[in-house]
Protein chains: 2
Amino acid sequence: MPSGECRGQGWWHGKFRGCGYRLTLGREAILDILSKAEGHLSAEDIYIKVHPKYPNIGLTTIYRTLDVLSNLGMVYKLDFGDGRARYELAEGPKGAHHHHHLVCTGCNRVVDYTDFIDEEVELLQQTEKGLGKKYNFKINNHVIQFYGLCDKCSGNK
Amino acid sequence: MPSGECRGQGWWHGKFRGCGYRLTLGREAILDILSKAEGHLSAEDIYIKVHPKYPNIGLTTIYRTLDVLSNLGMVYKLDFGDGRARYELAEGPKGAHHHHHLVCTGCNRVVDYTDFIDEEVELLQQTEKGLGKKYNFKINNHVIQFYGLCDKCSGNK
DNA sequence: CTCCTTAATGAAAATGGTTTCCATTATTAA
DNA sequence: TTAATAATGGAAACCATTTTCATTAAGGAG
């Protein structure tokens, strides 16, 4: 329970300080929410979850913090095609397992899957290396997502 | 050169009519632009290209048409993370080759690559089949993209 | 070819997620 | 404690996209 710890002792302490960022209550609160919730929170979702405990943290700060975290590589910014960005904590110290996303275009439900991940990751790494060399890119991220209709939504129509 | 043909004779004629859509000048113009341009046009890009020839086609129509085309599967709607959607013609009758995208997060340049596509496609199909069965999804689309810095942009910093 | 139904359209206004502005507050190094 | 400046909140701005609504035009029926 990171929020219960002494200020500045969280696992992200080092990362922040190392990059010249200040450690603030708002940032702690946001990281706390992200590490408790399981995946796919929008900025507003986070705002709503943070608000009861810290009513004076504004939506602007949420966006700014998520931007910082995203740049630090501590958070993934996801797009499921519904017009709002989602955020999930990148692997923390406990090493959340690598996964990709399966999105229902009917109800926007998102399934995290880990099946085939090993093969995927292997191919991705090869491709990344090959593309990087051929096109002179310094590749540092990728997206794989599948879109379809879940059983409910494909049944409904 | 589709636009030179008699109205209603384009290769998309059948698709439109079959789905109850009417064939209009605007739609023809937009498809024409898309088939001439090579990839990645935003709605505004298309608007600007269409405008000289058809000054009375509004941006709204562009959006509406792209939506129809996208639903028909004739156009892919792409997101490169810069806040505006891009569109490219799905494989036409001449069979544009399947490709994926490599995006520079520095200058937003996009490289279409076909390297490793065969392996990718094979893995994707397997994964698609496996996921579809396991999670009861009717998968009908996927996204693979790599993000990084091109040589210019990684050199600049 | 003409008429009629209704899909398609354009212009303007609305929408809504995200960003910017700016005066105020709070963190951190000295 | 103090000074320098990063971070903040609220309001306003932004801007791609969507909606509204009155008008136009595609295409089947006759």
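Chain naming here is simple, since letters A, B, ... match the order of the sequence lines and numbering starts at 1 in each.
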Let me confirm one number: the CG-OH distance from B/N71 to B/Y21, rounded to the nearest 0.5 Å.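 The CG atom of B/N71 sits 6.0 Å away from the OH atom of B/Y21.
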
Please round to the nearest 0.5 Å and tell me the distance separating atom CG of B/L25 and atom OH of B/Y54.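 So the CG of B/L25 and the OH of B/Y54 are separated by 5.5 Å.
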
Using nucleotides 13-15 of chain C, report all nitrogen or oxygen pairs with the protein that are shorter than 3.5 Å.
none

Between atom [atom1] in [X] and atom [atom2] in [N], what is the gap in whole Å?
X	N	atom1	atom2	result
B/R27	C/dT9	CZ	C1'	10 Å
A/D79	C/dG17	CG	P	14 Å
A/I57	C/dT25	CD1	P	17 Å
B/D82	D/dT17	CG	C1'	14 Å
B/N56	D/dA25	CG	C1'	12 Å
B/L59	D/dT17	CG	P	9 Å
B/Y47	C/dT9	OH	C1'	13 Å
B/F16	C/dA8	CZ	P	9 Å

Please name all residues satisfying side chain to side chain contact (heavy atoms under 4.5 Å, CB included) with A/R17, sequence neighbours left out, ordered by chain then number.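 A/R17 satisfies side chain to side chain contact (heavy atoms under 4.5 Å, CB included) with A/H13 once adjacent residues are dropped.
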
Find every protein N or O atom lying less than 3.5 Å from an N or O atom of nucleotides 28-30 of chain D, and list the pairs.
residue: D/dG28; atom: OP1; partner: B/R17; partner atom: NH2; Å: 2.8

Where the side chain of A/R22 is concerned, which of D/dA25, C/dA26, D/dT17 is the nearest nucleotide?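 Within the option list, the nearest is C/dA26.
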
Find which nucleotide of DNA chain D each of A/G26 and B/Y87 is nearest to by heavy atoms, and output the residue with the more 5' nucleotide.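 The residue whose closest nucleotide sits nearer the 5' end is A/G26.
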
Please work out which of the three classes, parallel, tilted or perpendicular, describes the rings of A/H51 and A/Y47, given edges at 30° and 60°.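 Taking A/H51 first and then A/Y47, their aromatic rings sit tilted (interplane angle of 30° to 60°).
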
Take a 6.0 Å sphere around CD of A/E38 and say whether it holds more than 12 heavy atoms from other residues, nucleotides or ligands.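 Not more than 12 within 6.0 Å, no.
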
Contact class for B/R84 vs. all strands (heavy atom < 4.0 Å): base, sugar-phosphate, or nothing?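 Answer is sugar-phosphate: B/R84 comes under 4.0 Å of backbone atoms only.
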
Can you list the other members of the hydrophobic cluster that holds B/V110, where links are side-chain heavy atoms under 4.5 angstrom apart?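 Reading the cluster by chain and number, B/V110 sits alongside A/Y76, A/L78, A/F80, A/V103, A/V110, A/V143, A/Y147, B/Y76, B/L78, B/F80, B/V103, B/V143, B/Y147.
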
Main chain of [Y], side chain of [X]: is a donor-acceptor contact present, judged purely on distance under 3.5 Å?
X	Y	result
A/S70	A/K77	no
B/E120	B/I144	no
B/Q145	B/D79	yes

Most 5' of B/P55 and B/Y21 on DNA chain C, judged by nearest nucleotide: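 Mapping each residue to its closest nucleotide by heavy atoms, the 5'-most match is B/Y21.
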
Selection: residues 63-72 of chain B, any non-hydrogen atom under 4.0 Å of DNA chain D: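 Hits under 4.0 Å, by residue number: B/Y63, B/R64.
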
Applying ring-ring contact (aromatic ring centres under 6.0 Å, His included), name anything that partners A/H100, two or more places apart in sequence or on another chain.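 Per chain and number, A/H100 pairs via ring-ring contact (aromatic ring centres under 6.0 Å, His included) with A/H98, A/H142.
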
Which heavy atom in B/A29 sits nearest to a heavy atom in B/I57, and how many Å separate them?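 In this case the closest contact between B/A29 and B/I57 is CB-CD1, 4.3 Å.
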
Under a 4.5 Å side-chain heavy-atom rule over Ile, Leu, Val, Met, Phe, Trp and Tyr, are A/I62 and A/V75 clustered together?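 Yes, A/I62 connects to A/V75 through the hydrophobic network.
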
